[in-house]
Structure formats: C-alpha cells, structure tokens
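Have a look at the structure below, then the notes.
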Amino acid sequence: MKEAISTTSAPAAIGPYSQAIKTDNLIFCSGQLPIDPATGKMPETIKEQTAQSLANVKAILEAEGLTIDNVVKTTVLLADMSLFAEMNEVYGATFALPFPARSAFAVKSLPMGALVEIEVIATR
C-alpha cells in the first residue's frame with residue numbers, strides 16, 4: 001500500500017508525480033529542485049541551491065514526523081560535475097554520521113535551469 005505525502009512547506013509537484021510516497025517504513029522523496037516555496041524562485045549559487053533543495057527535503061520529511069537523520073539514500077543530480085565540491089560542502093554540513101548512501105551524477109540539464117536536484121529515501 002502506498003500513500004502520497006504533500007506539504008505546502010516545499011514546492012508543489014510540477015507534473016504528474018507526488019512530492020513523496022510513503023510505503024510501510026520507507027519514504028521515497030521525489031527530486032527536489034532548489035525552489036523556494038514562498039517565492040517560487042531559485043537562488044543563484046550552487047551552495048544556495050543545494051541548501052534550498054535540502055530544506056525542501058527536510059520539509060517533506062517533517063510532514064511525516066521525520067528528520068534528515070532518517071535518510072538512508074540520496075541521489076544528487078548536478079548540471080555540471082565542476083559544482084560537486086561546493087555542493088558537497090553544504091551536503092556534508094547537513095548530514096551526520098553515519099552518512100546516507102549516495103549517488104551523484106552530472107546530467108545534461110535540469111528543469112528550470114537548476115544547478116542541482118536532490119532525491120532521498122528515508123526510513124522510520
């Protein structure tokens with residue numbers, strides 16, 4: 001059985017998908033672009049965008065009573081691998097030991113010209 005998770009504290013889905021799906025003890029959070037839900041705008045730098053994407057993830061998890069510490073796996077999509085070190089600085093300051101498993105990829109482009117998109121899997 002699966003159930004959609006939705007919160008106005010993170011950007012609304014811009015297509016036919018859910019912000020996140022809950023199934024048993026797992027939460028699958030869709031990729032979060034660095035959109036500020038209050039303004040609909042994205043910050044400019046990779047550090048600011050990474051922080052906003054992670055803030056959006058945190059808001060979705062909080063809607064289920066979870067925190068960033070519940071994350072077990074992340075996938076980071078970057079517009080360019082040259083952005084990795086700066087993204088990693090913000091990412092590393094967000095998570096604590098033991099860090100979640102992670103994959104990071106450079107992609108040709110991201111929606112709305114974003115520099116980063118982050119999706120997570122969390123557990124209760």
- Query: side chain to side chain contact (heavy atoms under 4.5 Å, CB included) between Ile46 and Leu78: does it pass, once the steps are laid out?
  - Reply: CA-CA 9 Å; Ile46 185 61; Leu78 293 165; 4.1 Å; yes

Test item: [X] side-chain N/O and [Y] main-chain N/O as donor-acceptor pair under 3.5 Å:
X     : Y      : result
Gln32 : Ser30  : yes
Glu48 : Thr45  : yes
Thr74 : Val120 : no

- Would Met87 end up clustered with Val57 when hydrophobic side chains under 4.5 Å apart are linked, directly or stepwise? yes

- Item | With Ser6 via side chain to side chain contact (heavy atoms under 4.5 Å, CB included) - residues at least two apart | Gln19

- Query: Quick one: salt bridge (charged side-chain N to carboxylate O under 4.0 Å, His left out) partners of Glu64, sequence neighbours excluded?
  - Reply: Lys22, Arg124

Which atom names give the shortest non-hydrogen contact between [X] and [Y], and what distance separates them?
X      : Y     : value
Ile60  : Ala10 : CG1-CB, 3.7 Å
Ser53  : Pro34 : OG-N, 3.2 Å
Glu117 : Leu33 : OE1-CD2, 3.8 Å
Ala38  : Asp36 : N-OD1, 2.7 Å
Thr8   : Pro37 : O-CB, 4.0 Å

- Which is it for Leu61 and Lys58 under the side chain to side chain contact (heavy atoms under 4.5 Å, CB included) test, yes or no, and what are the steps along the way? CA-CA 5 Å; Leu61 294 173; Lys58 288 177 185 178; 5.7 Å; no

Separation of [Y] [atom2] from [X] [atom1] (nearest 0.5 Å):
X     : Y     : atom1 : atom2 : result
Tyr91 : Leu54 : OH    : CG    : 8.0 Å
Ile5  : Cys29 : CD1   : SG    : 8.0 Å
Asp24 : Glu3  : CG    : CD    : 11.5 Å

- Item | Of Asn70, Ile68, Asp69, the residue whose pairing with Leu66 passes side chain to side chain contact (heavy atoms under 4.5 Å, CB included) |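 Passing option: Asn70.
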
- Message: Is there a side chain to side chain contact (heavy atoms under 4.5 Å, CB included) between Leu77 and Val116? Walk through the geometry before answering.
- Response: CA-CA 6 Å; Leu77 305 173; Val116 66; over 6 Å; no

- Task: Test side chain to side chain contact (heavy atoms under 4.5 Å, CB included) on Ile121 and Ile27 and set out the steps.
- Result: CA-CA 6 Å; Ile121 299 171; Ile27 307 297; over 6 Å; no

In residues 94-114, what donor-acceptor pairs under 3.5 Å come from side-chain atoms, sequence neighbours left out?
unit_1, atom_1, unit_2, atom_2, d
Thr94, OG1, Val90, O, 2.9
Arg102, NH1, Asn88, OD1, 2.7
Arg102, NH2, Asn88, OD1, 3.0
Ser103, OG, Lys73, NZ, 3.1

